[in-house]
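Since the structure comes first, as structure tokens, the remarks are kept for the end.
Values below: every heavy atom of this structure, side chains too, minus hydrogens, waters and symmetry copies. Each chain gets a letter, A, B and so on, in the order its sequence line appears, and its residues count up from 1. Values in this document were obtained by computation on a predicted structure and should not be read as measured data.
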Amino acid sequence: MKTVDIVERIEGEAKLICQWDKEKISDVKIQFLNFRGFEFILKDKPILDALVYTPRICGICGQAHLKATVEAIEDIYKNHNEELTLTNKAKLLREIGLNIEIIDSHIKWFYMFIMPDIVKFSNNSLEEYSALKGKKWLEASSIASETIKSLAVIAGQWPHTSYMVPGGVVSDPTLLDLVTMQNYMDQAIRFYENSLIGTNLDTYLSFNKSEDLYKVKGDLKDFITISFENGFEKIGKSYNRHLVLGDSLSFEKGKISRKLTKNIDYENIEEFTTNSFDIDKSKVSKEAYTWSKTALYANSFYETGPLSRAVVQNRSFVSDIHKHYNDSMFTRVLARMDELGFLLSKTKELIQQININEESFIKPKVSLKDFHYGIGQSSVEACRGSLYHDVEIENGIISKYDVITPTVWNLGPGIDNKLSTSQKAIVGIDSLEKAKLILRSFDVCSVCTTH
Amino acid sequence: MIDSQEMVKKVFTQNSARIDTNKGDAYYNSLFEKAKSRLSALRKQPALKDIDLMEVVESEGVNRRDFMKWASATTATLMLPPMFTPLVAEATELMNRVPVVWIELQDCAGNSEAILRSATPTVDDLLFDVLSLEYHHTLQAASGHQAEHQLEDAIHTFKGKYLLFVEGAIPKAMNGQYGTIGPGGETFEENLNRLSKDAAAVVAVGTCATFGGIPAAAPNPTGAVGVMDIVKGKPIVNIPACPANPANMVGVVLHYVLTGQVPELDSLLRPKFAFGYRIHDNCERRAHFDAGEYVEEWGDEGAKNNWCLYKMGCKGPMTFNNCSIIRYNEGANWPIGVGRGCIGCSEPDFWDKYAYERPMADANIKAPTGGVEKTVDEFGLGLLTATSIGIGVHAVASAVAGKRTVHSEDEE
């Protein structure tokens with residue numbers, strides 16, 4: 001038997017094709033069928049133009065793309081032994097911007113994308129979570145609007161801003177701006193405490209064992225209860241291999257396959273189109289079924305995202321939960337909400353570290369047009385996981401721009417009889433509803449995936 | 001914090017406003033009567049959602065007076081005289097009589113994200129509480145086949161009455177196979193044609209839906225076009241910008257509720273209330289432009305003092321939009337507020353013509369004819385090919401006078 005279903009209420013749309021055998025999913029294809037062609041559009045454009053193009057790859061993680069672009073450009077300088085100096089202030093303003101975007105996305109994801117489906121599994125009627133009119137939905141929408149204003153203070157607007165430039169940032173916040181940002185953060189922290197976890201943020205951050213799950217209150221408790229009632233800690237398990245490419249003040253890079261290593265080499269990243277459509281029709285294989293490519297690290301599929309970040313960084317609460325339940329759907333959702341708390345606290349701390357007397361920007365001594373040829377790579381941690389940009393320029397003009405988004409790592413097609421991370425997590429499941437929930441647990445972004 | 005509503009009001013009521021907002025008493029009196037009978041007819045219709053606006057407003061801690069203040073600023077935004085304020089307030093309450101269907105095509109979800117963060121100024125959550133959003137791909141409760149049915153229901157039930165909001169471009173190349181939707185693999189073009197057929201009007205939101213946007217940037221690999229290139233024989237409203245400003249989306253709905261028709265449009269089908277003047281006309285850094293004070297490079301003294309960004313490639317002088325007044329994220333800020341200049345994102349083909357890196361002098365466009373005093377109507381489509389260099393001359397003159405004005409002041 002075969003079923004075809006569409007998954008909405010992700011960012012964009014995905015099509016889920018399941019093959020059934022004895023009432024269990026024996027094979028699954030995840031299709032992303034909307035393509036814009038960013039890599040083709042970027043080609044032959046001046047490299048600095050990429051600063052306005054790439055944020056438009058995604059309406060949700062535009063800051064991540066902006067940061068990846070600016071750092072790939074700075075890597076070009078570095079590869080020419082012309083490394084740019086960045087002030088601490090510029091570094092902080094970039095990372096704070098990115099963190100706020102992740103915070104905003106996590107709030108929305110929980111209330112708008114995952115909970116409306118989770119509550120369908122509850123024995124109680126939880127009307128407050130219903131989309132567009134439930135009290136909690138509206139409250140989350142409102143707090144997300146407020147939170148993102150703190151990014152607008154330094155970035156000018158959200159979504160789609162380009163306040164980062166090679167050498168720093170264009171914005172120069174005043175003390176009043178910083179206080180305004182802190183206030184928005186405090187508001188988000190109060191929401192996290194009062195609504196999501198029902199306890200004090202510091203108390204929550206001191207949780208370090210899986211037993212502490214019982215101390216969680218608020219809306220997250222609803223999730224935990226429904227999960228254990230339905231065995232969500234047993235489903236959605238994949239390879240339990242984790243990858244974090246980005247390195248920052250908030251996250252550490254590294255990977256876990258059997259054991260943890262902090263060594264990451266971009267040379268190990270590979271992208272394949274065996275099962276993907278190609279814009280060049282002569283290259284489309286018969287097996288092609290999606291616009292998403294396949295991404296492998298050291299020839300293996302890895303999961304990327306908040307769970308991976310927590311275990312690579314060894315944040316104790318999630319790490320201990322992970323020891324008990326591995327990479328289950330439950331662990332994955334919980335890790336994202338745990339990261340929300342972690343980032344709220346971290347970002348507030350980063351805002352406090354800004355010294356407004358420092359420069360925001362230091363002008364590069366040479367122009368990119370002076371490099372006959374240049375290559376640069378970068379990776380940042382976006383809401384959904386590791387984002388990778390790889391660029392090649394000739395006389396300041398882009399000759400190649402390759403983007404691998406987090407959703408490609410998690411939800412791209414499998415290859416050579418190897419199932420991709422999400423396919424492996426779904427195969428063996430006995431209900432379509434659960435399969436869709438597992439898909440959602442990766443925080444799918446179809447617009448990013450196909451770019 | 002600047003009260004953006006107050007600013008809106010000021011801009012539209014001052015004598016020097018760039019576009020002629022006064023259509024004469026006879027016009028307004030007849031529109032007033034028309035709106036009044038429209039609203040009373042709407043009131044007799046059953047509400048699609050059983051929500052009392054004033055309860056919502058009060059539950060959000062906004063009092064009646066603040067609400068009326070908002071209504072009066074919105075009236076000004078819509079370029080209507082103050083006597084319309086009570087009608088606008090009433091129309092807001094009746095927004096739940098107009099069904100809205102929102103679809104996403106070849107997009108980045110940015111406009112949905114923007115409207116999620118709108119809620120209209122000061123009246124928080126108004127949009128979601130009152131607006132009857134019958135279908136929205138990302139935001140609604142339903143998913144999968146259930147969502148499909150909901151969409152079918154909505155277009156059937158509200159045949160000829162719903163506003164179709166479209167986010168994203170439409171790929172035409174390869175028979176539309178670059179974008180398909182639903183289990184049946186309907187192409188975006190087929191989907192748009194089917195859903196617009198029975199719509200009262202189509203509102204293209206964001207630069208992708210209006211002019212093809214970033215997917216249509218050279219070499220336009222997917223053959224992307226905007227809604228107006230596909231849909232014919234329907235009122236179409238274009239709300240360009242990347243992302244479109246939620247205040248303008250709400251403005252269009254309000255205007256429709258109030259009058260039963262789309263607002264007055266310019267030659268590019270943009271509502272004049274929002275696109276009737278340039279960013280430059282109301283820019284907070286305009287005084288520095290007039291004084292010849294420019295930022296010459298990121299982080300210089302000019303940048304620190306919030307001088308004009310024209311020489312950093314700011315496209316404000318040739319971009320029609322109201323973001324210098326409305327701003328983004330509920331008035332929190334806008335690009336020029338942090339010193340990065342306008343990229344011209346509400347203009348057609350701006351990806352190729354208004355590129356970021358190229359300063360004005362090297363761009364293959366020239367500044368608008370007649371310097372800063374022309375209106376959108378006088379420009380129209382001629383904007384992109386206009387050859388006069390009024391503004392360019394001004395900028396060059398300042399450069400000749402002394403690279404940075406601060407130096408010439410020192411000399412004085």
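The shortest distance between side-chain heavy atoms of Asp107(B) and Asn34(A) falls below 4.5 Å. Counting heavy atoms from C-beta on, the side chains of Lys304(B) and Glu359(A) come closer than 4.5 Å. Contact of the Gln157(A) side chain with the Arg327(B) side chain is not registered, since no non-hydrogen atoms from C-beta on lie closer than 4.5 Å. For the pair Trp298(B)/Val169(A), no side-chain contact is recorded, criterion being any heavy-atom separation below 4.5 Å from C-beta on. Looking at heavy atoms from C-beta onward, Gln106(B) lies out of side-chain contact with Thr450(A) at the 4.5 angstrom threshold. A heavy-atom distance below 4.5 Å is found between the side chains of Trp351(B) and Tyr53(A).
Side-chain N or O atoms of Lys363(A) include none that pairs as donor or acceptor with a backbone N or O of Glu297(B) at under 3.5 Å. Checking side-chain atoms of Asn333(B) against main-chain N and O of Val153(A) turns up a donor-acceptor pair under 3.5 Å. In this structure, the side chain of Arg340(B) does not engage the main chain of Val165(A) through any donor-acceptor pair within 3.5 Å.
Between the OH atom of Tyr178(B) and the CH2 atom of Trp291(A) there is a distance of 5.0 Å, given to the nearest 0.5 Å. Here the OG1 atom belonging to Thr161(A) is positioned 13.5 Å from the CH2 atom belonging to Trp334(B), to the nearest 0.5 angstrom. To the nearest 0.5 Å, the span separating CZ on Phe40(A) from OG1 on Thr222(B) amounts to 11.0 Å. Between atom CD1 of residue Ile343(B) and atom OG of residue Ser162(A) there is a gap of 6.0 Å, rounded to the nearest 0.5 Å. Rounded to the nearest 0.5 angstrom, Ile181(B) CD1 and Leu33(A) CG are separated by 10.5 Å. To the nearest 0.5 angstrom, Ile6(A) atom CD1 is 11.0 Å from Gln146(B) atom CD.
Chosen from Cys323(B), Gly299(B), Cys242(B), the residue pairing most often with chain A at heavy-atom distances under 4.5 Å is Cys242(B). For chain B, the option among Pro116(A), Ser150(A), Cys58(A) with the highest count of heavy-atom pairs below 4.5 Å is Cys58(A). In terms of heavy-atom pairs under 4.5 angstrom with chain B, the leader among Val4(A), Asp5(A), Ile57(A), Asp172(A) is Asp5(A). Ranked by heavy-atom pairs under 4.5 Å with chain A, the first of Cys208(B), Ala216(B), Ala217(B), Pro335(B) is Pro335(B). Options Glu13(A), Met112(A), Lys15(A) differ in how many heavy-atom pairs under 4.5 Å they form with chain B, and the most are formed by Glu13(A). The choice from Gly339(B), Gly182(B), Gly213(B) that makes the most heavy-atom pairs within less than 4.5 Å of chain A is Gly182(B). Considering only heavy-atom pairs separated by less than 4.5 Å from chain A, the leading option among Pro243(B), Gly337(B), Gly168(B) is Pro243(B).
Cys108(B) and His160(A) get closest at one heavy-atom pair: SG-NE2, 3.3 Å. In terms of heavy-atom proximity, Lys149(A) sits nearest to Ala332(B) at CG-CB, 3.8 Å. Counting all heavy atoms, side chain and backbone alike, Glu113(B) lies closest to Ile60(A) at OE2-CG1, 3.4 Å. For Pro221(B) against Gly37(A), the heavy-atom pair with the smallest separation is CG-O, 3.8 Å. Scanning both residues, Pro219(B) and Ile41(A), for their nearest heavy atoms gives CD-CA, 3.9 Å. In terms of heavy atoms, Val338(B) sits closest to Ala152(A) at CG1-O, 4.2 Å.
Shown here are the side chain to side chain contact (heavy atoms under 4.5 Å, CB included) partners of Ser431(A), two or more places apart in sequence or in another chain: Glu433(A), Lys434(A).
At a 4.5 Å heavy-atom cutoff, Lys43(A) makes no contact with chain B through either its backbone or its side chain. In this structure, no portion of Ala303(B) lies under 4.5 Å from any heavy atom of chain A. Heavy atoms closer than 4.5 Å to chain B are found in both the backbone and the side chain of Ile279(A). Phe38(A) touches chain B through its side chain: at least one heavy atom from C-beta onward sits under 4.5 Å away, while N, CA, C and O do not. For a residue to count as touching a neighbouring chain, one of its non-hydrogen atoms must lie under 4.5 Å from one of that chain's; by this rule Phe113(A) touches chain B with the side chain only. Contacts of Leu105(B) with chain A are made by backbone atoms alone, with heavy-atom separations under 4.5 Å and no side-chain atom involved. Both the backbone and the side chain of Phe35(A) come within less than 4.5 Å of a heavy atom of chain B. Of the two parts of Pro171(B), neither the backbone nor the side chain holds a non-hydrogen atom closer than 4.5 Å to a non-hydrogen atom of chain A. Only the backbone of Gln177(B) has a heavy atom closer than 4.5 Å to any heavy atom of chain A.
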